[in-house]
Amino acid sequence: MLNYILFTLYLGGLFALIFKGKFFKNIPLNKYVLLTIFVLKLSAGIGLNILYSSYYNDTSQSDIHKYVDDGIALKNLAYEDVSLFLNMMAGTGDDAFLSSAHSETLKNWNPHKGEYLEVTGYKDSNFIQSQRFLIRLNALIAFISNGFLPIHTLFICFLSFWGGLLFFKTCIHIAPDKKMQLLAASFLIPSVLLWSSGILKESMLIWGLGLITYAAFSPSEKRYKILAFVGGFFILLFNSMHVLALFFFGLMMYIAFKKYRTKALIIPVFLFLITVCVHYLVPEKSPFAYLSSKQNYQQQIGRGGYYFFNTVDKSFQICVSESEMEYALQSGNAFSAEPTLYYLSPTVEYSLYGTGKVSEIKLPLDTYSGEYYLMFHFPRAGSYINGPPLFPEPAGWISYLPTAIKNVFWEPIVLENKNPLLWLTSIENALVILLLLFYFSNKTSFKNIDAFSVFLFSFSLGFFLLIGYTDVIAGNILRHKAPALLFMAAACVISFDENKLKKVGWFSKSSESDSPNP
């Protein structure tokens, strides 16, 4: 009962803030419209909690519960060792935490172990450990939430709502005559509404992007813009360095287009050539290799199976399908993993590891091939997109481009899935494709497009391509592309001229047939 009382009190406080807050008074929308949008987002966030709880048999494996559970554990640490807690919140307590008795209480705080990165081939260069931002934020909320999940959702959802309003406010400054269209683009796209309303990184990205876009393009007072820029910069930095880099790419395109118009298209080519030079001159820092390792890691997760690590030849990795492995475990019979036939003893105790920890159990799978560690087990993803690997070479990236475009704009395909959520997303994908084809089929779009729309399009198309190159699980794709959909929809709304409808296809034929004969 206490949890529901707290939730009601906090919800009432946020409602009062929406009605009376200075920031919300400056939004050119009726307060009841704002309230309706917030309630809609909150409903989507709570619905997402229910969806994740029903999808995962073990809720500790879902991202939402990982962030909240670790946040609560970090909050509890404050009562046992306040100095360590403050250092961890400040980002200076890693060594002390890893050597303390509390190191196992936060299951998703620690980075991957070296052996795990070695066997997966994953180049984990995220030195910031982006999951820690949401864990820290949930730790702060946990002091007033009593560990109640809907309260965490309420505050995270409000931050995303704030970021969305900042983005909306910036866009209507550019196109004041399209207020309602921009409102729909900012809050009513199904994927954006769902995935940016829960305790996920997408909510933080909308918050950060709203702040930094407002700082870059709004005519507000300089002190507010500086605060918004710094806040947005660090929110994006600690959640996704890739998104921050794409924002600055969009900003470069905006500045170049204002000065040089279509000649600005040389910038993506120039950046690609720089990346090629880095790949060959400093191969250990190659973006191609890093992002390819992310895609290959996604391939492993999506494909599923049991992975073994050879202790003799550390570069050798064995993946055995689930059905084959289950049969071997039950019967003690052999399973094949080229180029050798391996045998499992039914008397051996098998342990599965999906968190990056190395099994302590050595398995004598074959007397001629040395010993192996059972490293981890990935269940096959239900929405895995089977396709070619992404090779870490410039030529490999060029040849993979059609697959990347297909993955991000076409998957999941309506006819190939029965999941209602994926089916609705398939329809949304079809509408996005039609919108882009309709928009870019009219050549006057390029003549009349404004620099701010170039910024929005550059960011969104870069984001789409990044997802297409690195994600091979349709469920991840539909979640990760939410911020890109927001920017693309706003770009289409701002730069689209409704009068062009009269020049397109059946509109023009209809007008001709309706006109009187001379």
Side-chain angles (χ1 to χ4, degrees), residues 23-30 33-34 37 160-189 192 196 205-222 224-229 231-233 236 243 246-262 264-265 267 432 435-436 438-440 442 444-464 482-501:
F23 168 75
F24 298 96
K25 288 181 179 179
N26 294 328
I27 302 293
L29 290 172
N30 184 284
V33 173
L34 290 176
I37 294 170
S160 174
F161 173 64
W162 178 23
L165 284 178
L166 285 168
F167 180 78
F168 167 73
K169 188 175 180 180
T170 305
C171 289
I172 59 172
H173 167 69
I174 305 295
D177 58 329
K178 297 181 178 181
K179 182 171 66 174
M180 299 312 296
Q181 297 97 313
L182 287 169
L183 181 67
S186 300
F187 293 103
L188 300 182
I189 300 173
V192 179
S196 69
L205 293 180
I206 297 298
W207 181 27
L209 285 169
L211 283 166
I212 201 168
T213 304
Y214 176 80
F217 297 100
S218 172
S220 299
E221 293 182 27
K222 186 176 181 179
Y224 293 126
K225 294 179 70 170
I226 292 174
L227 288 173
F229 183 86
F233 178 89
L236 294 181
V243 175
L246 286 171
F247 176 84
F248 282 108
F249 165 68
L251 208 55
M252 288 172 59
M253 293 296 293
Y254 168 82
I255 295 170
F257 188 83
K258 285 196 74 173
K259 190 170 184 179
Y260 301 109
R261 301 298 292 178
T262 54
L265 294 174
I267 289 180
V432 168
L435 175 64
L436 288 175
F438 178 72
Y439 183 84
F440 285 108
N442 193 331
T444 57
S445 298
F446 297 99
K447 296 178 181 179
N448 300 332
I449 194 169
D450 62 283
F452 184 67
S453 294
V454 168
F455 159 74
L456 295 173
F457 271 123
S458 300
F459 173 86
S460 58
L461 292 177
F463 204 150
F464 280 133
L485 280 173
L486 168 64
F487 274 60
M488 190 199 70
C492 289
V493 168
I494 290 172
S495 56
F496 184 72
D497 183 0
E498 290 84 352
N499 292 326
K500 294 173 186 175
L501 288 171

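Numbers here simply count residues along the sequence, with the first being 1.
For the pair Lys178 and Ile494, the minimum side-chain heavy-atom distance is 4.5 Å or more. The side-chain heavy atoms of Leu183 and Leu188, taken from C-beta on, include no pair separated by under 4.5 Å. Here the side chains of Ile255 and Lys258 are not in contact, with every heavy-atom distance at 4.5 Å or above. Within the 4.5 Å cutoff, the side chain of Ser458 has no heavy atoms near those of the Phe257 side chain. Contact of the Leu461 side chain with the Met488 side chain is not registered, since no non-hydrogen atoms from C-beta on lie closer than 4.5 Å. In this structure, the side chains of Ile206 and Pro483 come closer than 4.5 Å at one or more pairs of heavy atoms. Using a 4.5 Å heavy-atom cutoff, the side chains of Phe459 and Phe249 are not in contact. Side-chain contact check for Leu29 versus Phe24: every heavy-atom pair is 4.5 Å or farther apart.
Interatomic distance, Cys171 SG to Leu456 CG, rounded to the nearest 0.5 Å: 6.0 Å. Note: Leu246 CG to Leu236 CG = 10.5 Å, rounded to the nearest 0.5 Å. The OH atom of Tyr214 sits 10.0 Å away from the CG atom of Leu211 when rounded to the nearest 0.5 Å. Taking CG of Leu205 as the start and OG of Ser196 as the end, the distance is 10.0 Å to the nearest 0.5 Å.
Smallest separation of non-hydrogen atoms from Ile172 and Pro28: CD1-CG, 3.1 Å. The two residues Ile267 and Ala256 come nearest to each other via the heavy atoms CD1-CB, 3.4 Å. Taking both residues in full, the closest heavy atoms of Ala175 and Leu182 are given as O-CD1, 3.9 Å, listed atom of the first, atom of the second, then distance. The minimum heavy-atom distance between Ala489 and Ile189, with the atom names listed, is CB-CD1, 3.4 Å. What you find for Ala484 and Ser460 is that their closest heavy atoms are O-CB, 3.3 Å.
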Practice task
Take Lys179 and Phe168 through the side-chain contact (heavy atoms from CB on, under 4.5 Å) test and state the conclusion after the steps.
Solution key: CA-CA 9 Å; Lys179 182 171 66 174; Phe168 167 73; 3.8 Å; yes

Practice task
With side-chain contact (heavy atoms from CB on, under 4.5 Å) as the test, would you mind laying out the steps for Phe233 and Phe248 before giving the verdict?
Solution key: CA-CA 10 Å; Phe233 178 89; Phe248 282 108; 4.0 Å; yes

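Aromatic ring centres of Phe167 and Phe487 lie closer together than 6.0 Å. A distance below 6.0 Å separates the ring centres of Phe455 and Phe247.
In this structure, the ring pair (Phe, Tyr, Trp, His ring centres under 6.0 Å) partners of Tyr254, at least two apart in sequence or on a different chain, are Phe217. Thr213 meets the side-chain hydrogen bond (donor to acceptor under 3.5 Å, both in side chains) test with no other residue; sequence neighbours excluded.
Listed for the Lys225 side chain is a donor-acceptor partner under 3.5 Å among the backbone atoms of Ser218.
More than 12 non-hydrogen atoms from other residues, nucleotides or ligands lie less than 6.0 angstrom from CZ of Phe23.
In this pair, Phe161 and Phe187 present their aromatic rings tilted. The plane angle is within the 30 to 60° band.
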